[in-house]
Each structure stands twice: as C-alpha cells, then as structure tokens.
Number of protein chains: 2
Amino acid sequence: MPKDRAPTRIQKKNRAAILEAALNVFSAHGFRGATVDQIAAEAGLSKPNLLYYFPSKEAIHTALLSGLLNVWLAPLHDLDENGDPLEEILSYINRKLQMSQELPRESRLFANELVQGAPRIRDNLSNDLKSLVDQKTAVLTTWMDQGKIARLHPYHLIFSIWSLTQHYADFEVQVRAILGEEDPFEGAAPFMETLYRKLLTP
Amino acid sequence: MPKDRAPTRIQKKNRAAILEAALNVFSAHGFRGATVDQIAAEAGLSKPNLLYYFPSKEAIHTALLSGLLNVWLAPLHDLDENGDPLEEILSYINRKLQMSQELPRESRLFANELVQGAPRIRDNLSNDLKSLVDQKTAVLTTWMDQGKIARLHPYHLIFSIWSLTQHYADFEVQVRAILGEEDPFEGAAPFMETLYRKLLTP
DNA sequence: TCTTGATTTGACCATCTGGTCAAACTCACG
DNA sequence: CGTGAGTTTGACCAGATGGTCAAATCAAGA
C-alpha cells in the first residue's frame, strides 16, 4: 500500500481502472457473485496487484458505492423549490430517465444491493437518503398546499418516479424481451411525461 | 434418488421444506450468494440429505422459479377483456400490489434474477411472458381504440404497473428507511388508484 | 547513473462450496 | 417381526475464492 501522499500517475490510472471494472462486475453479478479475480482480469491487473490498491473486495465495493451515491442523488438534489413546480418535477423525471439510459450499470449496482436488503449501505439510506428525501418532500408538500400541483402522498410520488425510471435499467432484460427491437426509452419518455402531467395537474 | 413412483409422505414434506427454505435464501441472497448448506440448515436437513431430494443447487432454483412463474403471472392472466376496462386494470393493479405485500420473497426472487440479466430464465421471458403480455396488450389496445381508456403505449403501461407495484417488495428496505413506521401499503394503494384513474380516463 | 520508494508477481494458504459415496438407519407392509 | 425400499449421515473430494508475502521489477528524482 502506498503512503498517504498525493497519488501517483500510476495509482490514479489503476484505481480508476479497478473501479470501472468493479462497476461492471458488481452490477452484473452482485457483491457475492463477483470475484476478485474477475475484477482484476477486467481491470487488466493480477489479483495481488489489485489488492495492492484496495485492501479487500469489500473495500472496492464500498469505495464504488460511496463514490456513486452523490451522482445518483444529484438529480433530486437539483429539484429547485423556486422553479415552476410541474416543470421541476418533469425535469427531475427526465434526468432520472436519462440516468437509467446512460448509467444502467450504476442503477443495477444499487438495485442489487437494495434487493438483498442493502447490507452494506443501510446507514446511507437512513441518513443521507432519508434526509434528502424529507427535504424535497417538504418542497412538494408546499407546492401542493399552494395548489400548484395535485395533492398526493409525497413519499409515494417519489417512489413512483424512482421505480418507473429505474425499471428500464434494472429490469432491462425483461423490457427488451417484451419490446423486441423497439428502443425502450423512445416510448418511455413520452409515456412518463403524459403520466405525470395528468397526475400532477390539480 | 427415489424411484419415479408416487411421492411418499416424507418426500412431500421434505421437498416442500426445501423449496420453502430455498425461497427464503435465494430471495435474500441471489443464486450465487445462496449456499446449499444454508438452504439445508433452514430446511432442517443435512446437505447430503438435501441433495438426495434435488440433484443440485441449480435444480432447486429451477424448480422454485418454474413453480412460481404461474403464480406470478396469474393476475395478468386474469385480466378479462369482457370486463369493464378501468375496473379490470385497477383490479389487476390491486392484485399485483397485494402480491407485493403478501409474497415479497417471491418478488425479490424474480428481481434478483432479472437484475442480473436473468441467466436462468431468459427463455421464459421471451416465450411465456412475451406471449402473455402480447395477448393482454392487444386487449388494452382494443379498449383504447374503443375510447374506453386513454390512448397510451400499452407496453409501457404494463411496465409502469409492474415497476410501481413490485417496487414495494423489491426495494422494501429503501421504502421502509424513508417511510419509517408508516405502513407502505396503506399509502400505496390509494396513491396508485388515483394515479391510474387519472392516467386512464380518456 | 544510482538509489529509493512504488509497483508487480508467482507461489502459497485457509476456508468455503457444490457435490459424492458407502455405510447406517428407519419405515411400511406382508 | 422380517425385509427391502426409502432415508439419513459422516467422511471425503476437487475446485473456487479471498487474501498474504517475500522477492523481483520499475520509475523518477538527485
């Protein structure tokens, strides 16, 4: 393990390669289903070499998840209480849908973890996520109080956005098995726009 | 392995115990994350004894999945083209939501499999599932043509129902982390009823 | 170029895991 | 109660897996 100095050129390159490989492998097979050998091979390193950069399989997973959590929550963070309510929400939905399209591995990484009870990120859920959601549902509730959007259960409104957008990444095989050649996102975007316009119009 | 005669009392009891235990373990840890020892212990059998009833870990998983696929698809199968369109769809949604509540392990079993690319049930998706969905989307399209429900992309309408209802089972930890003590399904049912009434009203 | 710290690796280890097998035990039934 | 089929188990195996370590190699600054 290198000293705690500034990372060298090689360290930067290899750490990045490892995290990229780990994202591939963990998102496709889950934590338990992924092997260190697999990640090392995909990163173009030997196993001992990989373990020179991260002390354990778990450490790689943790580094990956905590690094991505911010990326993952950014769209919700951006929801602006001073913007136009309907447009803000629709824009949030579009960003989430775009992330499902452009970052499906990240989506499945979290899905894998959550489906199995989130044993390695439970704390993040109860703390960071919970407080962010509480903050934003307060905004939603204000908008409802002002009659700017329809009155709905704010938590379930958020859940619906998450589940609908992430479905296309998390269950991509199923979506593709049913749609065949048709591009999932081409239909998804207008469907969701219609859905939330109808739902949120007071 | 016993002969292919009618199963004995002990065979029935043990096979059932194994499948029940396997449902617990596979749904909580995924195929790769589950161990035969774990399933055996949970079923109250020794590992060799378990492997006397099923030839391999994979065989248990297959038996479990194929046995549950019918249960899982039954609500969609029941969608009746001769019923009242809106009520039929709302009733389908309620049954799906109820399954999420009463059979969360089954939901997570499929979710685990799907998130990882459904390596063991790909065929079922492209065959059974695809044809059932095609059949039912035809019904939905007819209803739309007749102006009885709003015109929407029928596949995405189905996806939305799946994702919204199953979200509460598959990502239960997350839902609970955010809702706290509040019962998820108490809010989910009316939320979804409102959503789909607004969405489907022409 | 030399030196020193950073990087890489082959060999190795303990444990876990799916699966096998022969021997022992139990049960139902004539 | 004897017997043969059905059931259970301890001991075992091979391969996979996470991780270690000392030795070898490499890279960059003095």
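Chain naming here is simple, since letters A, B, ... match the order of the sequence lines and numbering starts at 1 in each.
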- Task: For nucleotides 21-30 of chain C, just jot down a letter per nucleotide in 5' to 3' order: B, S or -, based on protein non-hydrogen atoms under 4.0 Å.
- Result: B-----SS--
- Under the ring pair (Phe, Tyr, Trp, His ring centres under 6.0 Å) test, which residues partner A:Trp72, sequence neighbours left out? A:Phe110
- Item | Nearest listed nucleotide, side chain of A:Thr8, among D:dT8, D:dG19, C:dA6 | C:dA6
- Query: Is there a ring pair (Phe, Tyr, Trp, His ring centres under 6.0 Å) between A:His61 and A:Phe31 once you walk through the steps?
  - Reply: CA-CA 8 Å; A:His61 194 255; A:Phe31 180 80; 4.9 Å; yes
- Message: For the residue pair A:Tyr168 / A:Ser107, report whether a side-chain donor-acceptor contact shorter than 3.5 Å exists.
- Response: no
- Could you please spell out the steps behind the side chain to side chain contact (heavy atoms under 4.5 Å, CB included) verdict for B:Leu86 and B:Trp143? CA-CA 9 Å; B:Leu86 185 56; B:Trp143 288 341; over 6 Å; no
- Task: Provide, to the nearest angstrom, the distance between the CG atom belonging to B:Leu51 and the P atom belonging to D:dT7.
- Result: 15 Å
- Message: Applying the side chain to side chain donor-acceptor pair (under 3.5 Å) criterion to B:Gln98, which one of B:Gln101, B:Lys96, B:Glu102 satisfies it?
- Response: B:Glu102
- Message: It should be established whether A:Asn14 places a side-chain nitrogen or oxygen under 4.0 Å from OP1 or OP2 of nucleotide C:dT8.
- Response: yes
- Message: If you define the side chain from C-beta out and look only at heavy atoms, does anything of A:Leu64 sit under 4.5 Å from A:Phe54?
- Response: no
- Task: Between D:dG19, D:dG6, D:dT9, spot the one nearest the side chain of B:Gln11, thanks.
- Result: D:dG6
- Message: Is B:Tyr52 close enough to D:dT7 that one of its side-chain N or O atoms is under 4.0 Å from OP1 or OP2 there?
- Response: yes
- Distance, rounded to the nearest Å, where A:Ile60 contributes CD1 and D:dG18 contributes C1': 11 Å
- Task: Could you check if a side-chain atom of B:His29 sits within less than 4.5 angstrom of a side-chain atom of B:Val25, using non-hydrogen atoms only?
- Result: yes
- Passes side chain to side chain contact (heavy atoms under 4.5 Å, CB included), B:Ile158 versus A:Ile178? Steps please. CA-CA 10 Å; B:Ile158 299 266; A:Ile178 285 167; over 6 Å; no
- B:Ile39 atom CD1 is separated from C:dG19 atom P, nearest whole Å, by 10 Å
- Assert: residue with more 5' nearest nucleotide on DNA chain C, out of B:Phe31 and A:Ser46, is A:Ser46
- Query: Once you round it to whole Å, what is the distance between P of D:dC26 and NZ of A:Lys13?
  - Reply: 14 Å
- Task: Output yes when at least one side-chain N/O atom of A:Asn49 is less than 4.0 Å from OP1 or OP2 of C:dT7, else no.
- Result: no
- Query: Rounding to a whole Å, what distance do you find between A:Tyr53:OH and C:dA6:C1'?
  - Reply: 8 Å
- Would you say the side-chain atoms of B:Arg95 and B:Ser91 include a donor-acceptor pair closer than 3.5 Å? yes
- Mind calculating the distance between CD1 (B:Ile18) and P (D:dT7) to the nearest angstrom? 11 Å
- Item | d(CD, B:Gln38; C1', C:dG18) in whole Å | 14 Å
Give each protein N/O atom lying under 3.5 Å from an N/O atom of nucleotides 14-17 of chain D, with the pair distance.
residue: D:dT17; atom: OP1; partner: B:Arg32; partner atom: NH2; Å: 2.3

- Message: Whole angstroms only, please: what is the NE2-P distance between B:His29 and C:dG18?
- Response: 12 Å
